[in-house]
Number of protein chains: 2
Amino acid sequence: MAKTTQRTERRTDALSKERIVEAAIEILDKGGEGALTFRALAARLATGAGAIYWHVTDKNELLAMATDDVIARVMLVREAKPREAIRAIALGLFDAIEAHPWAGAQLSRAPWQSAVGEIFESIGSQLDALGVAEQAQLDVASALVHYILGCAGQNAANATNARLLPPGTDRAAFLATIIARWTQRDPAGFPFLHKMASRFRDHDDRAQFLAGIDLILAGAGTADKN
Amino acid sequence: MAKTTQRTERRTDALSKERIVEAAIEILDKGGEGALTFRALAARLATGAGAIYWHVTDKNELLAMATDDVIARVMLVREAKPREAIRAIALGLFDAIEAHPWAGAQLSRAPWQSAVGEIFESIGSQLDALGVAEQAQLDVASALVHYILGCAGQNAANATNARLLPPGTDRAAFLATIIARWTQRDPAGFPFLHKMASRFRDHDDRAQFLAGIDLILAGAGTADKN
DNA sequence: ACCTGAACACCGTTCAAGT
DNA sequence: ACCTGAACACCGTTCAAGT
């Protein structure tokens with residue numbers, strides 16, 4: 001009989017950190033950061049708002065766990081050649097953040113939590129094999145991580161803002177609008193941006209992101225292809 | 001008589017965008033981003049919360065204007081040598097964000113507004129004189145700006161978090177704590193961080209920031225000192 | 001041990017009403 | 001034109017009360 005089920009057996013629909021984070025990610029992916037509310041989360045989990053606090057400390061922990069969940073998968077990349085490993089990690093992060101912009105925002109907002117330690121480690125550990133001198137490794141790893149976090153935040157901001165534009169507006173058009181605004185505010189005052197405007201229009205975000213990685217690696221004196 | 005003052009004459013304490021932004025900056029500097037509230041702002045200006053909306057669209061515009069105000073001063077730097085100009089701009093931004101962490105957060109959160117256009121321009125316009133090929137200039141400027149924004153966000157996050165620690169804890173100790181947490185979670189899993197731990201402990205944020213700028217410039221093939 | 005849901009102390013923003 | 005301040009529609013978080 002139903003009443004004789006052991007007490008230690010859990011209802012399959014019982015709450016748990018995992019189920020909560022999973023639901024949070026779904027809400028974040030569908031509605032963006034603003035959509036994640038304890039009330040919305042409780043509704044989706046068919047429970048009360050307070051129940052979530054039994055499993056999770058606060059909203060910050062919730063966001064950190066969701067970000068970890070989405071970023072950790074990227075860190076599994078294994079490439080033999082160190083340069084390719086770094087590029088693969090960087091591109092993996094780029095793609096993950098493109099798919100989950102809120103994770104990019106969280107990463108650049110609370111870097112000491114979440115997966116930034118893993119990112120630092122997996123990039124830094126390639127530098128020996130790349131031939132970067134040990135006393136330069138911290139500077140190079142730090143530059144790479146900061147650059148990646150900067151792009152992550154940017155990407156998240158773009159995604160958030162694109163949401164507010166008339167739907168159908170793609171990224172290139174969005175960037176073009178920004179450049180146009182800057183340039184038109186004072187055409188003579190922005191000669192560089194004016195000169196770069198056309199290049200901006202048809203540039204590839206992903207390729208440009210990778211160019212930055214290569215630039216830093218080149219600066220580290222690793223011009224040879226390892 | 002007081003009653004005969006012309007109607008066009010303004011009370012010296014009348015509200016204005018300038019006064020509102022000024023008060024907002026004071027609140028932000030003293031209490032951090034969480035302290036800036038329309039109610040707190042209204043109280044400081046001895047007015048009603050709704051009055052502020054007559055001069056300012058919303059909180060986002062308020063933060064953008066405050067950030068612009070604090071960042072714009074940095075852009076005035078004029079250096080003859082292009083490399084020194086870029087370093088001066090970067091360091092100026094670093095210092096400004098250290099003094100006003102909330103501006104760093106805003107910069108990396110809403111880059112298309114505020115002073116990011118000016119930053120892009122003032123850095124990019126130096127690249128010609130630095131000898132960077134024109135087709136590489138967008139990549140280099142973009143890498144520099146993204147790197148700077150990444151550091152800005154990081155810096156803001158550190159400042160926000162340091163506020164929560166027991167007072168007196170300095171930055172170095174804070175970073176050491178983070179590294180320790182990462183390393184101790186799984187010592188064998190973080191060989192690179194473990195190796196770098198001592199270097200982290202006594203590193204100079206400012207110097208490391210500048211090292212990243214130099215790394216990118218070196219990668220752009222501008223090793224000679226212009 | 002785990003969950004419920006009302007209640008608390010806030011927010012940003014609006015708006016009828018004043019001067 | 002500019003300001004007031006109550007009101008609205010939300011938040012995150014807490015907590016007595018249930019099972």
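For the numbers below, each heavy atom of this structure counts, side chains included, while hydrogens, waters and symmetry mates do not. Nothing here was measured: the structure is a model prediction, and the numbers come from that model.
- Residue A:L15 has its side chain nearest to C:dC3 when only D:dC3, D:dT13, C:dC3 are considered.
- For B:W54, the side-chain atoms get nearest to D:dC2 when compared with the rest of D:dG12, D:dC2, C:dT13.
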**Message:** In dot-bracket form, 5' to 3', how is DNA chain C paired? Count Watson-Crick and G-U wobble pairs only if both distances fall under 3.5 Å, and write | where the partner sits on another strand.
**Reply:** ||.|||||...|||||.||

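- Of the two residues near DNA chain D, A:T57 and A:G34, the one whose nearest nucleotide lies more 5' is A:G34.
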With the criterion being N/O to N/O and under 3.5 Å, what pairs connect the protein with nucleotides 15-19 of chain C, and how long is each?
none

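- Heavy atoms of other residues, nucleotides or ligands lying less than 6.0 angstrom from NE2 of A:H203 number more than 12.
- At least one side-chain nitrogen or oxygen of B:H55 sits closer than 4.0 Å to the OP1 or OP2 atom of D:dC3.
- Nucleic acid contact class of A:L36 (heavy atoms, under 4.0 Å, all strands): sugar-phosphate only.
- Put simply, the side chain of B:I179 does not reach to within 4.5 Å of the side chain of B:R201, judged on heavy atoms.
- Heavy atoms of other residues, nucleotides or ligands lying less than 6.0 angstrom from NE2 of A:H55 number more than 12.
- Aromatic ring pairs are classed by plane angle as parallel below 30°, tilted from 30° to 60° and perpendicular above 60°; the pair B:Y53 and B:F38 is parallel.
- Nearest to the side chain of A:D58, among C:dC3, C:dG12, D:dT13, sits D:dT13.
- With rounding to whole Å, B:L63 atom CG is found 10 Å from C:dT13 atom P.
- When rounded to the nearest whole Å, the span between NZ of B:K59 and P of C:dT13 equals 8 Å.
- The distance between atom CD of A:E33 and atom C1' of D:dC11, rounded to the nearest whole Å, is 14 Å.
- Between A:F94 and A:F209, the ring center distance clears the sub-6.0 Å criterion.
- At whole-Å resolution of the value, CD in A:E61 and C1' in D:dG12 are 15 Å apart.
- Residues B:A46 and A:R39 both approach DNA chain D. Their nearest nucleotides, taken by heavy-atom distance, put B:A46 toward the 5′ side.
- Salt bridge B:E33/B:R109: present, at least one basic N to carboxylate O contact under 4.0 Å.
- Between B:Q154 and B:S108, the closest side-chain pair of non-hydrogen atoms is not below 4.5 Å.
- Protein atom CD1 of B:I52 is 13 Å distant from nucleotide atom P of D:dG5, rounded to whole Å.
- Salt bridge present: B:E61 and B:K17 bring a charged side-chain N and a carboxylate O closer than 4.0 Å.
- One can place CZ of A:F38 at 8 Å from C1' of D:dT13, the figure rounded to the nearest angstrom.
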**Message:** What verdict does the side-chain contact (heavy atoms from CB on, under 4.5 Å) test give for B:N155 and B:E98, after you've listed the backbone C-alpha separation in whole Å, the side-chain angles of each residue and the deciding distance to 0.1 Å?
**Reply:** CA-CA 7 Å; B:N155 224 321; B:E98 187 128 61; 3.9 Å; yes

